[in-house]
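See structure below.
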Amino acid sequence: MTRLAQTEGLTDIQREILSTVRDFVDKEILPVATELEHRDEYPSQIVEGLKELGVFGLMIPEEYGGLGESLLTYALTVEEIARGWMSVSGIINTHFIVAYMLKQHGTQEQKDYFLPKMAAGEIRGAFSMSEPALGSDVSAISSKGVRDGDEYVLNGQKMWLTNGGSSTLVAVLCRTDEGHPEGTTPHKSMTTFLVEKEAGFGEVRPGLTIPGKIDKMGYKGVDTTELIMDGLRIPADRVLGGETGRGFYHMMDGVEVGRVNVAARGCGVAQRAFELGVSYAQQRHTFGKPIAQHQAIQFKLAEMATKVEAAHAMMVNAARKKDSGQRNDLEAGMAKYLASEYCKEVVEDAFRIHGGYGFSKEYEIERLYREAPMLLIGEGTAEIQKMIIGRRLLEEYRIQG
């Protein structure tokens, strides 16, 4: 074993991509990540490097200028990037979800227009479901789109947009009652709008304002924002798929693969925490020997490594299930739940191994300790994952008769 979380059955191309990304992480991300994170600075140079590597087009089909790779390749790439700095993987994830939704559900005109620019990183994506009073209840959204001739007029306030400022395309979920009589289930009266905008903050197009970055405990560098729509006019041909009432299903499809991504991020952060913990344990001496030789520390390292391996295996399984064309909401929910919980535990154990030094901003583990909690809530809380898992298990094990 050279290191944890190896993946069997990869092609030569997959191995080459992952080797290239890992080398980029070691040389271009890890040396600067903590400094940029402390300054809450957007990693422009890192993002440009990833554009050159083709990461923004990793899963976009070759006919649109992408690499046409699988979800597994993408998830393993995210795992490597998150090992360097989780915020960078967040920048990639939101872009990827929008590209995936376009690839799966967009009209041909929408694919032809957006996907080549997204593959090149010229257009960068964000997606928006949540609202200030919404939480996990997506069906309760209040943002609304009303038809006005060849346009829709959008009004409402959205929350927790990763890439909200730096993106130039946002997939926004709104309620549209057009063609859906009163009493229609809320899930069938939602529509995804493709909103183009300028990068930056303030009024980024008429009727659309990005107020500024939300100050967060961790997950810094990447911009997390609100989005305010006040009479925002969107052409009718920017309804995703050209049909209203399908937005909830579009978003859930995107979130399903997004959960694999969050699981991959958890795996990457946990791997880095283990690396830091096992390294420090061999350097720090107490009672005349390295603390790694104390049984209590060896037990921690054993538990940490086992959790890293288990989370990685579940993440790989969820990605492969989706790539095979099968439904994977059960596997994605399990992977996201386990990886995020294990990530938190592995990071905390590495923090404990560092002792008082783990509390110092000089040590990388301090950054990871603030980043890991985001994974517990991103793309659905643990409680939401358990609801999804429980319902799917009852479907599979339903008693007949």
Side-chain angles (χ1 to χ4, degrees), residues 3 5 17-58 74-96 120-121 124 126 162-167 199-201 212-225 261-262 264-280 283 343 346-347 350-351 354 357-375 378:
R3 65 182 182 94
I17 290 172
L18 295 174
S19 176
T20 300
V21 172
R22 186 176 181 84
D23 187 58
F24 181 85
V25 168
D26 287 340
K27 292 180 179 178
E28 306 295 335
I29 298 182
L30 279 172
V32 301
T34 296
E35 180 183 352
L36 291 175
E37 197 270 350
H38 286 170
R39 296 203 303 259
D40 198 7
E41 182 177 326
Y42 187 81
S44 299
Q45 188 170 340
I46 292 172
V47 169
E48 288 301 313
L50 292 173
K51 281 170 59 177
E52 291 179 13
L53 291 180
V55 171
F56 281 92
L58 195 60
Y74 179 77
L76 295 175
T77 298
V78 166
E79 183 179 41
E80 295 288 357
I81 293 171
R83 174 183 157 269
W85 185 12
M86 192 181 75
S87 292
V88 178
S89 66
I91 293 169
I92 302 296
N93 181 42
T94 51
H95 174 87
F96 155 69
R124 296 220 288 276
T162 300
N163 275 357
S166 54
S167 61
F201 301 98
K213 293 199 298 184
I214 297 169
D215 192 15
K216 309 183 295 288
M217 174 178 75
Y219 198 40
K220 293 179 179 290
V222 60
D223 48 280
T224 305
T225 74
N261 175 287
V262 173
R265 282 196 255 178
C267 292
V269 174
Q271 283 184 45
R272 184 58 183 168
F274 175 81
E275 291 172 5
L276 295 172
V278 75
S279 174
Y280 186 82
Q283 298 171 48
C343 174
V346 171
V347 168
F351 176 83
H354 280 74
Y357 288 105
F359 209 61
S360 168
K361 285 185 176 288
E362 291 183 36
Y363 284 75
E364 188 180 341
I365 191 63
E366 182 271 344
R367 168 170 64 83
L368 270 59
Y369 195 77
R370 288 183 290 102
E371 289 179 339
M374 198 287 292
L375 298 172

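Here the closest non-hydrogen pair linking Leu368 and Ala273 is CD2-N, 3.7 Å. For the pair Phe56 and His95, the tightest heavy-atom approach, listed with the atom from each and the gap, is O-NE2, 3.2 Å. Scanning all heavy atoms of the two residues, the minimum distance from Glu80 to Val25 falls at O-CG2, 3.5 Å. Listed here is the closest heavy atom pair of Lys213 and Phe201: CG-CZ, 3.6 Å. Of all heavy-atom pairs between Thr224 and Lys216, the closest is OG1-NZ, 3.1 Å. The heavy-atom pair separating Arg265 from Gly90 by the smallest distance is NH1-CA, 3.5 Å.
Distance check, rounded to the nearest 0.5 Å: CD of Glu364 to CH2 of Trp85 gives 11.5 Å.
Within 6.0 Å of atom CD in Glu41, more than 12 heavy atoms from other residues, nucleotides or ligands are found, so the atom counts as buried in its surroundings.
Partners of Phe351 by ring-ring contact (aromatic ring centres under 6.0 Å, His included), not counting sequence neighbours, listed by chain and number: Tyr369. Every residue two or more places apart in sequence or in another chain that forms a side-chain hydrogen bond (donor to acceptor under 3.5 Å, both in side chains) with Asp223 is listed here: Ser166.
Of the options Ile91, Ile46, Leu76, Leu50, a side chain to side chain contact (heavy atoms under 4.5 Å, CB included) to Ile81 is made by Leu50 and by none of the others. Considering Asn93, Thr162, Ile92 in turn, Thr162 is the only one that fulfils the side chain to side chain contact (heavy atoms under 4.5 Å, CB included) rule with Val222.
A heavy-atom distance below 4.5 Å is found between the side chains of Arg22 and Arg83. For the pair Tyr42/Val47, a side-chain contact is recorded, criterion being any heavy-atom separation below 4.5 Å from C-beta on. Between Ile214 and Thr225, every side-chain heavy-atom pair lies at or beyond the 4.5 Å cut-off. Looking at heavy atoms from C-beta onward, His38 lies in side-chain contact with Glu366 at the 4.5 angstrom threshold.
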Side chains of residues 29-37: which donor-acceptor pairs under 3.5 Å do they make with residues two or more places apart or in other chains?
{"from": "Thr34", "atom 1": "OG1", "to": "Arg367", "atom 2": "NE", "distance (Å)": "3.1"}
{"from": "Glu35", "atom 1": "OE2", "to": "Arg39", "atom 2": "NH1", "distance (Å)": "2.6"}
{"from": "Glu37", "atom 1": "OE1", "to": "Arg370", "atom 2": "NH2", "distance (Å)": "2.9"}
{"from": "Glu37", "atom 1": "OE2", "to": "Arg370", "atom 2": "NH1", "distance (Å)": "2.8"}
{"from": "Glu37", "atom 1": "OE2", "to": "Arg370", "atom 2": "NH2", "distance (Å)": "3.2"}

Inset, instruction - Test Arg272 against Ile365 for side-chain contact (heavy atoms from CB on, under 4.5 Å), laying out the working first. - result: CA-CA 9 Å; Arg272 184 58 183 168; Ile365 191 63; over 6 Å; no
Inset, instruction - Could you walk me through whether His354 and Leu276 pass the side-chain contact (heavy atoms from CB on, under 4.5 Å) test, one step at a time? - result: CA-CA 9 Å; His354 280 74; Leu276 295 172; 4.0 Å; yes
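A donor-acceptor contact under 3.5 angstrom links the side chains of Ser279 and Gln283, judged on distance only.
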